[in-house]
Amino acid sequence: MRLLFFFCLLGCVSVKAQEVKIDIDLSSFKTYGATSALEREKFFNSHNSPGGEFTAQEWDFLKSIKFGMGRCFMSPNPGSSVACGVTGDEIRKKGERWGASFKKLPMYNSSAMEEIILTSHPTPGKGGSKNYAFHWKGLGADYSPEAKIMADFLKYYFVENGISLPRYIEPMNEPYVHANDYKNVWAKDSDVRVEMARYHKMMAQELHKQFPNVKVGGFASAWPYLEGFNSDFEHWNSRMKMFIDTVGKELDFVSFHIYDGMNVKGEDCFRSGSNMEAIMDIIEGYCAIKFGKPLPLLISEHGMTRKDWLTQAYSEERDWKILRSVNHQTMQFMQRPGNILKCIPFFSGKATWRKDPNPYPWVISRKNKDGDWEWTHLIKYFQFWKDLSGKYVDAQSSDPDILSLAFLDKKRLSVVLNNLEDDKNLELNLCNAHGRKIKSVKLRRLYEREGIPVLEDTDYSGEQVRLTLRRDETVIVSFEYNQALHPSSTLDNRKYYATEYLKAVKAGEANSFCVKIDSGKKKRALLQVGIARPHKKSILPAQLCLNGKKYIIPDNWKGYDQADRIKEGFFGVVDIPVAIEDLKNDNEVSLIFDTEGGTVSTVALNIDYVL
């Protein structure tokens, strides 16, 4: 596609005859609840923790590109340790040794573990891991001994060593994948899942008593296949909903993993786009119904994965596929920052633990043919994002496939664009600069050329910029002004979920939802509807009404049509712009489908209020 930017020094600037409009209003900051500025520690991370894999020189480079660390497998083996009679004194001695060793690492500082998510393998698994959390003890078991051991572990490994506690605890990683590990003792998968949830609750109760600033959540869901099985949301009901109901108010956050690639049953499909929006909305929407407000989300792994990668040689094209997915997902998380605690792109370090001639597919550093360590293309993720900073300003895209964000940092405006679909023609409009003049424009682009990732920085001296925005490309356009910009107003983004969810679709029958919102001056509103529909059925309802007024439903949404989700069908969120004058404090939304099948999973109003 051809993208033209023309900048007039006063007022709004636009280009004629372009397909997609990107509007940046420089008179309005944008907030998401308490979040007003980019919080880098939330998004630009890796599935790494401080350790000894990298040399001091390598750590210096990683720090220079603002490489974030985010997750660590580490525990005192609470499940097995209880069975073996571990004592607090044993944990204390291990903690002393670990602290002494940790302080010798080249990247050590006392707060190095503060932003880390601490987790553990749920069971020994096929590999017979000794670092695991859960031990089957039957239905209704008491897990307070494990919880106290975990509290001792935090005390002796961190507090007594003068090292900041990890902020987030996920007691187990992807536990329900391992629910059948106990079939040899005749434990039912469903019973194991319930006991794992009860384990989380007792762990949270103990840790909240001893370390009130530590957040405990889960369940680090491996496959958030929430609409399955047979599009009836049994997967949701028997796993995520059951977990939330069981842990209840002890739950500080809900965590899960988002991957493009071979998901669920092995099909190639993409969660990036409307599907991951539907996943996040049903979790937030149900928590809003149950607790009165959505629980925070923590995405402890995201990216792209395929089982066949593990047996393949290093591939530059594979690096691109991972970068493509991680950037799509990062942008979507950044568009809802108020309820996101942390996101961990699945980038590993050197994975020196792996005993295989082929490198672990997600490493940022690998050995070349000469046996020397070299960075993979995955390092480009951090190089691309390293300079982004500032407060959110109002940015709108007329096409849901073009994700857009804008950040203002004094004299610098950074506009971030990500393309979920095919090449698009764009029109960028910069409004309300109030006489500030553009001194320079810089472009940073991350795209693929013949399957190889390309990171490109370009300086432009003029006020006209042309570029081709490719499929899956991400671009940061940075404008340097001659004076600092001072937006005079603020928009606060708020999302309100309906009081009900998960309504089955019946042909010709209306499904009605009530969405209660706050009073106040509003600038714009989106009605966001989560829909699960079998293939060969029309995805969109034949009729949609807001407070009795019919609306035309756009036949476009974030990302692709999900046609390759052959097991179930479409599950995604569709956005419908609605007129603010049609809104009431109590809003009735009704939908009618022509044919039977599927579910309306969630209904929400996403509104920008003028503060």
A.B. asks: Is the F347 ring parallel, tilted or perpendicular to the Y381 ring (thresholds 30°, 60°)?
C.D. replies: tilted

A.B. asks: Identify, with sequence neighbours excluded, every residue that meets side chain to side chain donor-acceptor pair (under 3.5 Å) alongside Q332.
C.D. replies: E277

A.B. asks: Hey, is the main chain of D422 close enough, under 3.5 Å, to the side chain of N419 for a donor-acceptor pair?
C.D. replies: yes

A.B. asks: Using distance alone, with no hydrogens and no angle criterion, decide if S272 and Y560 have a side-chain donor and acceptor under 3.5 Å apart.
C.D. replies: no

A.B. asks: Begin from the C-alpha positions of K321 and E448 and carry the test salt bridge (charged side-chain N to carboxylate O under 4.0 Å, His left out) through to its verdict.
C.D. replies: CA-CA 9 Å; K321 290 181 178 181; E448 63 90 11; over 6 Å; no

A.B. asks: Who are the salt bridge (charged side-chain N to carboxylate O under 4.0 Å, His left out) partners of K350, not counting sequence neighbours?
C.D. replies: E58

A.B. asks: Between Y360 and D356, is there a side-chain donor-acceptor contact under 3.5 Å, judged purely by atom types and distance?
C.D. replies: no

A.B. asks: How far does SG of C343 sit from CD of E301, to the nearest 0.5 angstrom?
C.D. replies: 12.5 Å

A.B. asks: Do R366's NZ or CZ and the ring of Y314 fall within the cation-pi criteria of under 6.0 Å and 45°?
C.D. replies: yes

A.B. asks: Could you verify whether a donor N or O on one side chain and an acceptor N or O on the other, from D472 and H328, lie under 3.5 Å apart?
C.D. replies: yes

A.B. asks: Are W375 and F61 near enough that their ring centres are under 6.0 Å apart?
C.D. replies: yes

A.B. asks: What distance separates Y286 OH from I283 CD1, expressed to the nearest 0.5 Å?
C.D. replies: 12.5 Å

A.B. asks: Classify the angle between the aromatic ring planes of F243 and F219 as parallel (below 30°), tilted (30 to 60°) or perpendicular (above 60°).
C.D. replies: tilted

A.B. asks: When you measure from the centre of the six-membered ring of F29, is the NZ or CZ of K391 under 6.0 Å away and within 45° of the axis?
C.D. replies: yes

A.B. asks: Ignoring hydrogens and angles, state whether a donor on the side chain of Q528 or D281 is under 3.5 Å from an acceptor on the partner side chain.
C.D. replies: no

A.B. asks: Angle class for the Y392/Y32 ring planes (parallel below 30°, perpendicular above 60°, tilted otherwise)?
C.D. replies: perpendicular

A.B. asks: State whether the side chain of S46 and the backbone N or O of G68 hold a donor-acceptor pair below 3.5 Å, judged by distance alone.
C.D. replies: yes

